[in-house]
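Take a look at this one; I'll ask things after.
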Amino acid sequence: MREFDYARADSPRQAVSTHGSNEQAAYLAGGTTLLDLVKIDIMRPEQVVDINRLDLNEIETLDDGRTRIGALVTNTALARHERIQSDYTVLSEALLSGATTQLRNKATTAGNVMQRVRCPYFRDGVSSCNKREPGSGCAAIEGHNRSVHAVLGTSEHCIATHPSDMCVAMAAIGATVTVEGPEGQREIDFLDFHLLPGDAPEREHNLKPGELITHVTLDAPLNNGRSGYLKLRDRASYQFALASSAVIVTLDGDTIVDARVALGGVGTKPWRAHEAEKALKGQQVSESSFQRAAEIAMQGATPYAHNAFKIPLGQQAIVRNLTTLTA
Amino acid sequence: MSDSIIGAGPKRIDGQRKVTGEAPYAADHHPDNMAYGYGVFSTIASGTITGLDLEAARQSPGVIDIFHHNHFPELHRTPSSMAQGNKVEETRLPFEDNRVHYEGQFVALVVADTFDNARAAARKVGVSYQRDDAIANLDQGVKAHGTKPGSGNHERGDAEGNFDGAAHSIDVTYTTPVETHNPMEMHASVASWEGDRLSIFESSQGVVQQRGALSKIFGIPPSHIRVESPFIGSGFGSKLWMWPHAVAASVAARETGRPVQLVVPRPQMFTTTGHRPETRQRMRLATDDNGRLVSLRHESINTTSFTDQYVETCGSVTQSLYSCPNLTVSHETTRVNRGTPTSMRAPGAAPGLFALESAIDEMALAAGVDPLEFRLNNYADRDESQDLDFSSNHIREATEKAAEKFGWHDRNPEVGSMRDGHEIVGYGMAACNWEAIKRECEARVSLRADGTAYVTCATQDIGTGTYTIIAQTVSDITGLGLEKITVRLGDTSYPNGPISGGSWTTATTLPAVAAATREAIKELKGYATSEKGDFADVDNDSDSLVFENGQLTHDGQGVNYVDVLKGQKLASADGHAHTQGADDRYSYRSFGAHFVEVRWDPGISNLRVSRVVSAIDVGRVINSLTARNQVEGAIVMGLGMAHFEATDYDARNGRPVNNNYAEYVVPVHADQPPEVDVILLDYPDLEFNEFGARGIGEIGITGMAAAVANAVYHATGKRIRDLPIFKEKLMENIPAVQSA
């Protein structure tokens, strides 16, 4: 087998110092991305730092109303947590729409944030792929690009979607990522955490070498907010989103006071639709206002040969979600 | 025997071994000193290997040997004859030369001491190619080099002459994509040699054919080869015929002098172990004023490989399902750079009935007739293609019964007229049909002195319940309880049995097992009536000497058969039988009809199948539990065919793109329709065999995709002629894409 060093960390500090600034090192949490990609020879870490022993399994409500989630909280534990279900319904629903029970039992909060793309040209180890081999080109743009390719945030170098459902909900809720690194602790706004592919799709996030996610802290929930996650795909379970929406709204009678909208399955990163939110605020609850917001959300989308349907599908994900939440 | 165990629903006798993990599958076998093979697979679809860099791989830990086209013993090809018992689908041997005919073809095989070492070394093998332009799909194949005539063609009357002037006609073309079998258990071989004798554990639906093929390939007698496949994690046709990995494993074991295990990785399950080929089918139908078919043409083209011609006989059912005096069925193939296709559950009929039963729906609407009534008006009452009566045909009853239970007559025929909340409800139906086949078969049954029976036959149980129905057969004749009957299958050291395919295992094996059981009883009677026996005075052919419930009785005097054997210190009374295939007095076929309710939610572009009622006429049902399971499973597989499944190939280079379980979409539990109602008519077909059973594995998938497509049309007004029915084919307002 391909050999690598394995170390088990007992504290974040120790994990970070073991990892160091080695670009060929990787943190191991649930393993549902890392181990899969190692097995198919796409990721080849020389040093694996197992962080599963770290004490990062808590979900806590902070004094300011925010909710702090430890990096190792599993997707199952997070989805089933009472406060998450009641105050962050959209997050619980997003988590439960993803993967399978078995995977959710293993997958962690930080690992979900860090998951890699499903683009088959990235995973085949052969085709041109700027993520895997910077500068080699993007086989997906002119290739088969129906299911796991984006229409928003794409560049001429990469069009892979970010596959997470959880992150779409977090993008809508608003969150902060706490990281521990060689230079100490810092916080990154969740919306700045994932990067657009631009001309450097191999850079997927804002972590510096060796930095470890220790927590994700959700913004306090909107007062009287209603929220939900709607995921559209071919089959009813165990498929990445073709289009999905995470929506949070607060109403005053039939007037939309506040709205948060984020999209999955259509963007190269968890996609917050700020302009659509602005278009909703102050509007009456109506199909036409939802439709207008949905069109704004998908403005500027670039269709590719097989995924143009994601533009109307993304709009539908928004309109139906809003319709259900405001009914 | 009104309370016969034939037709009852006992649970699978092998079920406990399977769910406890005790049942051994091919790769569970680990002979002493076993080494592991791992393939290096081509990363181009067409071209020539110009160089192999093996240095790094050779120096990789644990590597024993690396095989490739310059390091592989000279073997022979098998003539690939099913009748001779040596059929394979891909006749080219692995490593035969430096040509690459498809992506995912074996170009080298690394053998190492562990699986991980073999895989790591395989990834260090460097291969250079001279790349040729790949033919990536059916359209490219037809454009590049046209088509070649196939087999299974049929012509009667004058279809062309009766088309133009007909009252109503349609001329439409349907396409179906490549589908990949994707059984859970990946193909695997564990091969070992002792001198010039080869023993191989294989995940196989046909151990006897594999033995024959290996015999031809290695030039050794079949008696020197043992192929075992006691359990398989399904196959759906992909494991009917041996694929190159088994030859590679056998060679590696012989050359290294160690047993070798070789498992085909999931991505190569899409390339080097067969698939259902892509088809394009032109349907031209015409009726008279009364909606009676006067002309029917079904012209099919399917893709095949550059190495072999595989014909998907899409028109096989079309010849005989409907009455039509003027009919043409033709099959052609075109070569593409993919591996050789093979049978996948209901080969020919599954894609063929998608086209035929969609076209019948279109024809009925064009003629202004309800699709149900149209079928009842046009179903054939005899097989017009062979000029034979059907042995037993209850398709009208099946159609009417299912229609009644489904509520077809409450359907508002107007498109899009039936609504329920956000959803538009559509009703669709289709006939289903499959040939009934019976082959020759041998079996051996021992009635043993310990009070048990022991049955052997070199057929397989591919998860369908063959072990159980064979035990039921022996139980039915001997009166022994199922727990006293041991059935052993999937081993070429047993009497020759059939491949597990074509829905013919039941009709083929049961008569042989029954005959062997009777032979064993006859032998037992011989012992009992011998000088030393309990019935020394009785003629052993006497009708008054009866075997019932484990007892031999004569004139009210009963002796347990165990005592007969023990009294003479005998281990067993044995019977061997060799039964023959079907005769040609009748056309033997199975029939049925599917009724499907779909729900299309245009607001979120979601299509789901919410209800299925299917009535199936397959003759006598042997095991009501496993039979229902077969049909329900086939219905679900048919749903997958209808709106999920397609192996996507990159049109630029022929690369299979979605070669994994996440992106090759098959139905999951959440896609099961809330209501699936299977009606088994259960009319014994005693012209076919003594049990009246015709086989049930494939018929359930035939027609399903058309029933869904017809329901989709009823809901949406969109006629989808290209599978699968992805949501974007039903959506509006999809922006146009400017090609770059």
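By convention in this document, chain letters (A, B, ...) are assigned in the order of the sequence lines, proteins followed by strands, and residues within each chain are numbered from 1. Keep in mind that this is a model prediction, so the values were computed, not measured. Worth knowing before you read on, the calculation uses all heavy atoms, side chains too, and leaves out hydrogens, waters and symmetry mates.
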- Message: With rounding to the nearest 0.5 angstrom, report the CD1 to CZ distance, B:Ile604 to A:Arg320.
- Response: 4.5 Å

- Item | Max heavy-atom pair count under 4.5 Å with chain A, selected residue of B:Thr43, B:Asn653, B:Asn659 | B:Thr43

- Segment of B:Arg608 engaging chain A (4.5 angstrom heavy-atom cut-off):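 Neither part.
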
- Item | Max heavy-atom pair count under 4.5 Å with chain B, selected residue of A:Ala301, A:Pro303, A:Ala243, A:Gly125 | A:Pro303

- Message: Can you tell me how far apart CZ (A:Arg118) and CG (B:Asn658) are? Round to the nearest 0.5 Å.
- Response: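 If we round to the nearest 0.5 Å, A:Arg118:CZ and B:Asn658:CG are 11.0 Å apart.
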
- Query: Given a strict heavy-atom distance threshold of 4.5 Å, which part of A:Asp124 is in contact with chain B: side chain, backbone, both, or neither?
  - Reply: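 The side chain, not the backbone.
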
- Query: For the residue pair B:Arg123 and A:Val38, what are the closest heavy atoms and their distance?
  - Reply: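 Smallest heavy-atom distance, with atoms named: NH1-O, 4.2 Å.
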
- Message: Under a plain distance cut-off of 3.5 Å, with no hydrogens placed, do A:His144 and B:Asp650 share a side-chain donor-acceptor pair?
- Response: no

- Query: By a 4.5 Å heavy-atom criterion (distance strictly below it), what part of A:Ile311 contacts chain B: side chain, backbone, both, or neither?
  - Reply: side chain

- Message: At a heavy-atom distance under 4.5 Å, which candidate from B:Asp648, B:Leu607, B:Asn606 has the highest pair count against chain A?
- Response: B:Asp648

- Query: Which bit of A:Ala317 is near chain B, if near means a heavy-atom gap under 4.5 Å: side chain, backbone, both or neither?
  - Reply: neither

- Message: To check you understand the geometry: which heavy-atom pair defines the closest contact between A:Ala236 and B:Asp671, and what is its length?
- Response: N-OD1, 2.8 Å

- Query: Looking at A:Phe309 and B:Met731, what are the two nearest heavy atoms and their distance?
  - Reply: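 For A:Phe309 versus B:Met731, the nearest heavy atoms are O-CE, 3.5 Å.
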
- Please confirm whether A:Arg146 makes a cation-pi placement over B:Phe726, using NZ or CZ under 6.0 Å from the six-membered ring centre and within 45° of the ring normal. yes

- Given side chains that start at C-beta, do those of A:Arg233 and B:Val665 come closer than 4.5 Å, heavy atoms only?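 Heavy-atom side-chain distance check fails, nothing below 4.5 Å.
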
- Item | Close side-chain approach of A:Lys39 and B:Arg119, heavy atoms under 4.5 Å | yes

- Message: Side chains of A:Ser147 and B:Glu663 only: does a donor on one sit below 3.5 Å from an acceptor on the other?
- Response: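 No.
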
- Kindly give the heavy-atom pair with the smallest separation between A:Ala305 and B:Val737, and that separation in Å.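 Taking every non-hydrogen atom into account, N-CG1, 3.9 Å.
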
- Kindly give the heavy-atom pair with the smallest separation between A:Pro312 and B:Asn733, and that separation in Å.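 What the structure gives for the nearest pair is CG-O, 3.7 Å.
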
- In terms of heavy-atom proximity below 4.5 Å to chain A, should B:Asp601 be classed as side chain, backbone, both, or neither?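 When you check distances to chain A, only side chain atoms of B:Asp601 fall under 4.5 Å.
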
- From B:Glu728 CD over to A:Asn307 CG, what is the distance, rounded to the nearest 0.5 angstrom? 9.5 Å

- Query: Where does A:Tyr121 contact chain B at under 4.5 Å (heavy atoms): side chain, backbone, both or neither?
  - Reply: side chain

- Message: At a 4.5 Å cut-off on heavy atoms, which part of B:Pro724 comes close to chain A: side chain, backbone, both, or neither?
- Response: neither

- Task: Report, as yes or no, whether the 6.0 Å neighbourhood of atom CZ on B:Arg652 holds more than 12 heavy atoms from other residues, nucleotides or ligands.
- Result: yes

- Query: Is it the backbone or the side chain of A:Ala139 that comes under 4.5 Å from a heavy atom of chain B, or both, or neither?
  - Reply: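 Both backbone and side chain.
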
- Tell me, with the steps shown, if A:Val126 and B:Arg655 meet side chain to side chain contact (heavy atoms under 4.5 Å, CB included). CA-CA 10 Å; A:Val126 175; B:Arg655 171 184 302 274; 3.1 Å; yes

- Item | Atom of A:Tyr238, atom of B:Tyr661 and distance for their closest heavy-atom approach |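 Of all heavy-atom pairs spanning A:Tyr238 and B:Tyr661, the closest is CE2-O, 4.2 Å.
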
- Side chain, backbone, both or neither: which part of B:Ala112 has an atom under 4.5 Å from a heavy atom of chain A?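 Neither; nothing under 4.5 Å.
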
- Query: For the candidates B:Ser605, B:Gly640, B:Pro265, which exhibits the highest count of non-hydrogen atom pairs separated by less than 4.5 Å from chain A?
  - Reply: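 So the answer, after comparing B:Ser605, B:Gly640, B:Pro265, is B:Ser605.
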
- Query: Should we say atom CZ of A:Arg80 is surrounded by more than 12 heavy atoms from elsewhere, each under 6.0 Å from it?
  - Reply: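 Incorrect, the count does not exceed 12.
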
- Message: If I measure from the heavy atoms of chain A, does B:Ala662 come under 4.5 Å with its side chain, its backbone, both, or neither?
- Response: both

- Item | Per-residue contact mode, B:Asn660 against chain A (heavy atom under 4.5 angstrom) |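 Side chain only.
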
